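Written below as structure tokens is the structure these notes are about.
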Amino acid sequence: MSTLRSSAAAGTLALALLMTACSPGTAGGTQGTGTGSTGGAADSISLRVNNATTYSRNFNIYSPSTDIAPQISLIYEPLVRRNVFKGGALEPWLAESWEWSDGDKTVTLKLRTDVKFSDGTPMTSKDVAFTLNIPLKYPELNTGGQTYVSAEATGDHTVVVKWKKPAQLDFYRFALGVTGFAPRIVPEHIWKDKDLKTWTNPDPIGTGVGRLTAFTPQQFTLETRADYWGGPFPMKTIKIVATGSDDQTKARLLKGDIDFATISWPNAEQEYMARNPKTNVYKTFHTGGEESLLFNMDKAPFDDVNVRRALAMSLDRSSLLKLAPTGQEPANACGLEPAVYADFMAPGCEPQALDAEGAKKALADGGWTVQDGQLAKAGRTYPLGVKVVQEYANWMAYGKGMQDQWKTNLGLDVKVTAVPEENYDPQLNDGDFDMALYWTGGSNGLYSVFTDQLDPETYVPSGKDAQYQNQGRWKDESTAPLLDKLRTSVGDPEAQKETGHQLQKIVLDQVPYSPMFTADWFVEMNQTRWVGWPEAGSTQHVPHSGIGPDIVLTLKGLKPAGA
């Protein structure tokens, strides 16, 4: 799957997710005037979702294939929406309300009654129960890490979902994040007889605003539905364009070929906005997460906290960011973004400062030496490597910068490996890495910030699929009770704060991962054909081309320019 990520940031999950990174420098290709003269019709909008140069006609959202068509949120929708600007608060979408019972182990969902699939069939509770049972019937397709144990339709528009333990804080997994792995409701009458592991679903039918009307490897077109439950849309068609790399995307933005993209663009003020200040807009939106250095603690030497501590202490994050300036800043060392979690911040959690002498002492405390550029102990040497996403030019620059700093500050030779984006998550899920840049935290709420990477119950050994959880293989027994306390103290801010402080201390002292940089979404918008784009600081949905249902709210709020 082409996992979607916020630009240079965010997400975890992912997805991710989503998430694209950034290409510093100038745009490639022919640069136009930025007037939009080559763009599409005024009743259509074109957007870029990821770095793909071609798309496959695979709309099976549960397909184990890594090549699924992007931005399926316009076709398939979740039950709830996550408000990233309210600390991940969940809001109604296909479910209009929900109620917890049985000690927060059961949730009863009341579905909207006015939702139809794009073939005209009403969506019912049977479709929802069928969808929710897919990851239970096929655990290998549980890419969202769902933890519920049953889902049952108890009325035409009522579904009951049960967990084994209090699960209010697991419910965020029902909302789409950047990685888009929440349950998206599919029609049982079409999906029930399909082999979900091989079917490509070439003619998707969903509850979303878009109906597929054209497909080529370079672009697919969605016609907006007149009978969409969310009401009419301002545009007739939405075009998802395969623009390729960030530099190719920049060139098409400058030509006005596309109206909407999410890539980080250093010097965008000069290279994009200045080309046509009336139409070309570049904005950043805080994600609430960080880009962190993951350690594979399932293997030596990363199972030694002294090594993790030394590797984290020997990096100057501010200097690294200057290698590819995107507007990001050094991250808080405790794993919480102050702008989102101000009420829960523990004292002493400033960004990790460079401390080369402290790093050397940490190695010495662990009995480690450096021999010929490699860590050595008990007659054995340990070569080190760090992985970055190949398509993310800023991560490539940061990887090279970390390599240089580890050499300068500790004398270590660290191999930097650039991994294609489509292979990155699978390799981390399998534990096929020493160190890797990845996304931690996010605005899903305090519990998800820590459970995504630190829940010992999600530990699987290297070689087994971690399914986007605990890819660093954290097994600390003291962490699980704290996560349980977060689960059971919903509605008690003081208990949440106290527990949050203890979890932050684990991140700070044990360094299961090292927060490196803040994560932002970087958004390019063209106002030649469409106006009314969200403003940072006043919007309740992020205008990210890869995040649903926020993209639905973004597109629905636009107006034709000049109207």
Side-chain angles (χ1 to χ4, degrees), residues 4-11 14-20 45 47-49 71 73-74 77-78 80-93 172 175-178 180 182 208-209 224 230-235 238 253 258-265 268-269 272-273 277-289 326-328 337-342 441-445 518-561 563:
L4 303 179
R5 305 187 185 288
S6 84
S7 199
L15 209 99
L17 297 137
L18 194 269
M19 312 178 197
T20 65
I45 190 167
L47 56 94
R48 174 267 195 200
V49 176
Q71 194 39 289
S73 299
L74 296 166
E77 299 183 295
V80 295
R81 172 187 175 250
R82 181 179 61 112
N83 188 330
V84 299
F85 296 116
K86 290 185 177 179
L90 299 181
E91 298 176 349
W93 201 252
Y172 82 92
L176 291 174
V178 287
V209 66
T224 57
F233 262 54
M235 65 283 298
I238 303 167
L253 283 163
I258 52 178
D259 303 285
F260 183 21
T262 47
I263 60 171
S264 64
W265 192 337
E269 290 80 4
Y272 181 57
M273 297 178 68
K278 292 184 178 179
T279 63
N280 298 354
V281 179
Y282 175 81
K283 294 181 182 296
T284 60
F285 296 79
H286 230 5
T287 70
T326 61
Q328 297 168 264
E337 167 56 50
V340 176
Y341 299 103
S443 52
N444 281 324
T518 59
D520 294 319
W521 286 302
F522 308 92
V523 185
E524 292 81 12
M525 299 160 277
N526 190 313
Q527 300 189 114
T528 300
R529 290 175 290 277
W530 297 100
V531 296
W533 298 94
E535 294 286 345
S538 61
T539 180
Q540 288 299 306
H541 56 271
V542 57
H544 191 292
S545 61
I547 298 178
D550 283 34
I551 189 173
V552 175
L553 297 173
T554 297
L555 297 182
K556 194 172 189 302
L558 297 179
K559 297 186 297 183

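The analysis underlying the following values was restricted to heavy atoms, covering all of them including side chains, and did not include hydrogens, waters or symmetry mates. Just so you know, these numbers come straight off a predicted model, no measurement behind them.
Scored by the side-chain contact (heavy atoms from CB on, under 4.5 Å) test, P543 finds F260, F285, V523, P534, T554 as partners (sequence neighbours excluded). Every residue was checked against the side-chain hydrogen bond (donor to acceptor under 3.5 Å, both in side chains) condition with E524, not counting sequence neighbours, and none meets it. Residues satisfying the side-chain contact (heavy atoms from CB on, under 4.5 Å) test with L553, not counting sequence neighbours, are R81, W93, H541. With sequence neighbours left out, Y341 forms a ring-ring contact (aromatic ring centres under 6.0 Å, His included) with no residue at all.
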**OP:** Decide yes or no on side-chain contact (heavy atoms from CB on, under 4.5 Å) for I45 and R529, but give the supporting numbers first.
**Re:** CA-CA 8 Å; I45 190 167; R529 290 175 290 277; over 6 Å; no
**OP:** Just do the side-chain contact (heavy atoms from CB on, under 4.5 Å) check on T539 and W533 with the steps written out, would you?
**Re:** CA-CA 9 Å; T539 180; W533 298 94; over 6 Å; no
Original post:
Can you list the steps and then say if L74 with I551 is a side-chain contact (heavy atoms from CB on, under 4.5 Å)?
Top reply: CA-CA 8 Å; L74 296 166; I551 189 173; 4.1 Å; yes
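By the 4.5 Å heavy-atom criterion applied to side chains, I238 and L47 are counted as neighbours.
Among residues at least two apart or in separate chains, salt bridge (charged side-chain N to carboxylate O under 4.0 Å, His left out) pairs with a member in residues 533-547 are K283-E535.
You'll find the ring centres of Y282 and W265 outside the 6.0 Å limit.
When all heavy atoms are compared, the tightest approach of L558 to M235 is CD1-CE, 4.2 Å. Taking both residues in full, the closest heavy atoms of S545 and T262 are given as OG-OG1, 2.9 Å, listed atom of the first, atom of the second, then distance. Taking all atoms of both residues into account, the shortest heavy-atom contact from N526 to L253 is ND2-O, 4.3 Å. Contact between N280 and M273 at its shortest, heavy atoms only, is O-CG, 3.5 Å. Closest approach of M525 to Y272, counting heavy atoms only: O-OH, 3.2 Å.
Ring planes of H544 and W521: perpendicular class, angle over 60° (limits at 30 and 60°).
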